[in-house]
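Since the model is a prediction, treat every value here as computed from it, not as a measurement.
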Amino acid sequence: MPASFNAGSFDIGAFDLDITLADAALDEANRPTRRMLANACIGIDAFDAYYASLELFEALEAVHEECVGAKAKLARILSTRCDDFQRCLYYSLAGRGVVQMLEDFEWLVQILRGRTEISADLLRHGGNVQVAHTPYICDEPDGPIAAANPDFELGASWLIDPGLGGRLSD
């Protein structure tokens, strides 16, 4: 960096953490489900979005791998009495097939991880982060929530997913 460079004289303003999500939401090369997930995360705190999405992804992956207690964990996540963010993500993909669901969540978690790392670096070094206003009105569910029954049945999208070679019969 040249000796005459003064970082204070080059103020670019607040960094918009949602720009990557907005780009992903508008990118026609992304399948619609990924665009829906990106849109759902706009305005959510970087750390909240990342950790909530990661928790949901790990629960879905564990259910798919038939891990002990995985269905109970997914039921707990979907029945927690907090804002509807995780339910929004889950129900955006429910019924699409477990392979696509896991691929789309993994894609989202990668984007959110980068967004969270940028946010942490900016906050750690005194950078200016554009603070988005959460799209949720309150920190509680808005309408019915899933039952916390860990013995729920997995539907056809889990059992005969076309991504796993399954076929739905007429």
Side-chain angles (χ1 to χ4, degrees), residues 17-121 132 134-136 139 141-170:
L17 290 171
D18 287 337
I19 194 72
T20 303
L21 291 169
D23 285 347
L26 295 172
D27 187 348
E28 292 181 13
N30 287 329
R31 60 178 162 226
T33 50
R34 290 182 178 188
R35 295 169 65 189
M36 291 173 8
L37 291 174
N39 271 309
C41 294
I42 293 173
I44 304 295
D45 174 78
F47 296 91
D48 291 346
Y50 173 66
Y51 289 111
S53 299
L54 180 62
E55 178 185 40
L56 187 54
F57 171 68
E58 289 174 347
L60 293 168
E61 192 172 48
V63 169
H64 176 60
E65 294 171 357
E66 299 179 11
C67 296
V68 174
K71 287 173 66 176
K73 181 175 182 178
L74 179 59
R76 181 190 50 76
I77 291 169
L78 296 178
S79 65
T80 298
R81 299 197 60 79
C82 59
D83 70 40
D84 291 314
F85 178 63
Q86 285 177 306
R87 284 181 286 278
C88 173
L89 296 178
Y90 176 78
Y91 290 117
S92 292
L93 299 180
R96 305 278 181 153
V98 67
V99 173
Q100 180 181 332
M101 183 186 295
L102 291 173
E103 288 174 353
D104 288 353
F105 266 106
E106 188 171 32
W107 170 86
L108 178 66
V109 166
Q110 292 298 322
I111 290 174
L112 296 176
R113 179 180 294 128
R115 180 174 175 251
T116 301
E117 289 170 354
I118 290 169
S119 177
D121 284 345
T134 181
Y136 291 98
D139 292 334
D142 187 21
I145 59 173
N149 181 357
D151 297 322
F152 64 88
E153 287 187 42
L154 295 175
S157 66
W158 287 87
L159 305 173
I160 53 175
D161 185 328
L164 295 173
R167 288 192 187 276
L168 294 174
S169 60
D170 295 84

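- The heavy-atom pair separating Ala24 from Asn30 by the smallest distance is O-ND2, 3.0 Å.
- Gln110 is linked by a side chain to side chain donor-acceptor pair (under 3.5 Å) to Arg113, counting only residues two or more places apart in sequence or in another chain.
- By the side chain to side chain donor-acceptor pair (under 3.5 Å) test, Tyr90 is found to be paired with no residue, residues two or more places apart in sequence or in another chain being considered.
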With a 3.5 Å cut-off and sequence neighbours excluded, list the donor-acceptor pairs that the side chains of residues 68-75 form with protein atoms.
unit_1 : atom_1 : unit_2 : atom_2 : d
Lys71  : NZ     : Phe152 : O      : 2.5

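- Distance check, rounded to the nearest 0.5 Å: CG of Asp84 to CG of Leu78 gives 10.5 Å.
- Sorted by first and then second residue, the side chain to side chain donor-acceptor pair (under 3.5 Å) pairs involving residues 51-60 (not counting sequence neighbours) are Glu55-Arg76, Glu55-Gln86.
- In this structure, the side chains of Asp18 and Arg115 come closer than 4.5 Å at one or more pairs of heavy atoms.
- The line from CE of Met101 to OG1 of Thr33 is 10.0 Å long, rounded to the nearest 0.5 Å.
- Qualifying side chain to side chain donor-acceptor pair (under 3.5 Å) partners for Asp23, counting only residues two or more places apart in sequence or in other chains: none.
- Applying the side-chain contact (heavy atoms from CB on, under 4.5 Å) rule to Ser119 yields the partners Leu17, Ala46, Phe47, Leu123; only residues at least two apart in sequence or on another chain are considered.
- Within the 4.5 Å cutoff, the side chain of Ile118 has no heavy atoms near those of the Thr20 side chain.
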Test side chain to side chain contact (heavy atoms under 4.5 Å, CB included) on Leu21 and Leu112 and set out the steps.
CA-CA 8 Å; Leu21 291 169; Leu112 296 176; 4.1 Å; yes
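- Listed by first and then second residue, the salt bridge (Lys or Arg N to Asp or Glu O under 4.0 Å) pairs involving residues 27-52 are Arg31-Glu103, Arg31-Asp104, Arg34-Asp104 (not counting sequence neighbours).
- When all heavy atoms of Ala38 and Trp107 are compared, the closest pair comes out as CB-CH2, 4.2 Å.
- Under the side-chain contact (heavy atoms from CB on, under 4.5 Å) criterion, Glu61 pairs with Phe57, Glu65, Leu102, not counting sequence neighbours.
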